[in-house]
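Everything on this sheet refers to the single structure shown next.
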Amino acid sequence: MVSADNLPFDVLPLIFANVPGRKDLLSVALVSKSFNGAATPLIYGSITINVSVTKKLTKRAQSPFQTLLDRKDLDKFPRKLTITAVPLDRGRVSERFHIVLAMALPKLVNLSSFVFDAHLTVSFLPALLSNLATPSQLKELSLLADNLNPQQAKLLLHIGHRTKLDRGGSLQKLSLRSPSTCVLGVLPEWIERNRASMTSLSIKVIITTRPPSLANHPKGFSLNYQWLYPAFTWIYPVSYSP
């Protein structure tokens, strides 16, 4: 008798890619061993921590990063990590969540996209940047980087590089929202370090003066400034071609 479980294994991920939500994929993974093997990379391929997820974590649900630490066979699957909210404990960022995330990041060797867009009254991002330097396949980085001081801003220079002196990084796209002046100050050096791979930079920032000169941009590099003023929005796009 022919059943879905008898289909060639290579076909299963193509089918499961059309399953609409992570919850349904988790159910699919429980069907059989072959279903589990095909669904697991999709379940952990993209991890999102948003408000609804943080509510569950606050209720002592296990963090997906704790699962990645417990299951060594899973850390190769995450390709995209998006954080738009973090769980709080008595008004502060959950220390447990913070520690587990910091421990898990260096192990995500195939991570290609990292998005951090969580509004916090305390600086949560700087402690993660040094741990984010390890995934050398990182191609896209999007940050709400309003709390970084000069020392913390320099951590950006090492993201996507195997060593601090390595100039053959993998980063292609950087998007910054409300970056501190310290972050804007390291942009020229960031561009120089990623000259071989970078293709675009997007900045959305409330400022009253022009951002630092990026005259030594690589060929093919596209740059977009979005300056926000109290009364209006001024979009200043600049595109460069080879």
Side-chain angles (χ1 to χ4, degrees), residues 13-14 17 22 40-50 64-65 68 74-84 101-118 124-146 148 152-179 183-184 186-205 211 214 216-226 237-242:
L14 301 177
R22 189 171 187 272
T40 296
L42 298 173
I43 293 171
Y44 291 96
S46 179
I47 299 175
T48 298
I49 305 297
N50 52 28
F65 306 113
L68 291 172
L74 299 178
D75 55 19
K76 61 180 177 291
F77 295 133
R79 297 292 194 276
K80 182 176 182 178
L81 173 57
T82 302
I83 300 176
T84 58
L101 174 57
M103 292 174 60
L105 277 178
K107 300 181 183 300
L108 308 183
V109 294
N110 292 319
L111 191 68
S112 61
S113 175
F114 179 77
V115 177
F116 182 89
D117 195 20
F124 174 75
L125 178 61
L128 301 181
L129 291 180
S130 59
N131 294 295
L132 192 63
T134 302
S136 58
Q137 301 303 314
L138 198 66
K139 293 179 173 59
E140 298 183 12
L141 183 64
S142 179
L143 301 174
L144 173 60
D146 54 346
L148 300 185
Q152 295 164 346
K154 288 186 177 181
L155 292 173
L156 283 171
L157 300 176
H158 310 313
I159 295 178
H161 296 266
R162 293 177 178 84
T163 69
K164 291 185 178 182
L165 298 178
D166 175 29
R167 291 182 178 270
S170 59
L171 278 173
Q172 297 175 357
K173 298 180 180 180
L174 176 64
S175 177
L176 298 171
R177 191 157 72 86
S178 299
V183 173
L184 291 174
V186 301
L187 281 181
E189 186 176 353
W190 186 91
I191 291 174
E192 178 61 29
R193 292 207 70 195
N194 293 275
R195 177 176 294 273
S197 61
M198 68 181 306
T199 59
S200 70
L201 168 64
S202 178
I203 304 172
K204 181 184 289 187
V205 58
L214 301 176
N216 296 322
H217 58 81
K219 291 183 177 181
F221 173 62
S222 64
L223 168 64
N224 182 78
Y225 284 129
Q226 187 171 14
V238 182
S239 295
Y240 302 104
S241 56

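Just so it is clear, the model here is predicted, and its values are computed rather than measured.
- Considering every non-hydrogen atom in both Ala118 and Leu144, the closest pair reads O-CD2, 3.5 Å.
- For the pair Leu68 and Ile47, the minimum side-chain heavy-atom distance is below 4.5 Å.
- A cation-pi arrangement is present between Arg22 and Tyr44 under the rule of less than 6.0 angstrom and at most 45 degrees off the ring axis.
- Not a single donor-acceptor pair under 3.5 Å links the side chain of Thr48 to the backbone N or O of Thr82.
- In this structure a side-chain-to-backbone donor-acceptor pair under 3.5 Å is present from Ser197 to Leu171.
- Applying the side chain to side chain contact (heavy atoms under 4.5 Å, CB included) rule to Leu42 yields the partners Phe16, Leu25; only residues at least two apart in sequence or on another chain are considered.
- Annotation: side chain of Leu187 is in contact with side chain of Leu174 (closest heavy-atom distance under 4.5 Å).
- Atom CG of residue Leu184 and atom CG of residue Leu176 lie 7.5 Å apart, to the nearest 0.5 angstrom.
- Within the model, atoms CD1 of Ile83 and CD1 of Ile49 stand 6.5 Å from one another, a figure rounded to the nearest 0.5 Å.
- Side chain of Ser112 to backbone of Arg79: a donor-acceptor contact under 3.5 angstrom is found.
- Applying the side chain to side chain contact (heavy atoms under 4.5 Å, CB included) criterion to Ser113, with sequence neighbours excluded, gives Lys80, Val115, Glu140.
- Leu111 CG to Leu141 CG: the interatomic distance, rounded to the nearest 0.5 Å, is 9.5 Å.
- Contact check for Leu143 versus Val183: no side-chain heavy atoms found under the 4.5 Å cut-off.
- A pairwise comparison of heavy atoms in Pro78 and Asp75 identifies CD-O, 3.5 Å as the closest pair.
- Remark: the backbone N or O of Lys76 is paired with a side-chain donor or acceptor of Asn110 at under 3.5 angstrom.
- No side-chain heavy atom of Phe65 sits less than 4.5 Å from a side-chain heavy atom of Leu105.
- Smallest separation of non-hydrogen atoms from Pro106 and Ala102: CD-O, 3.1 Å.
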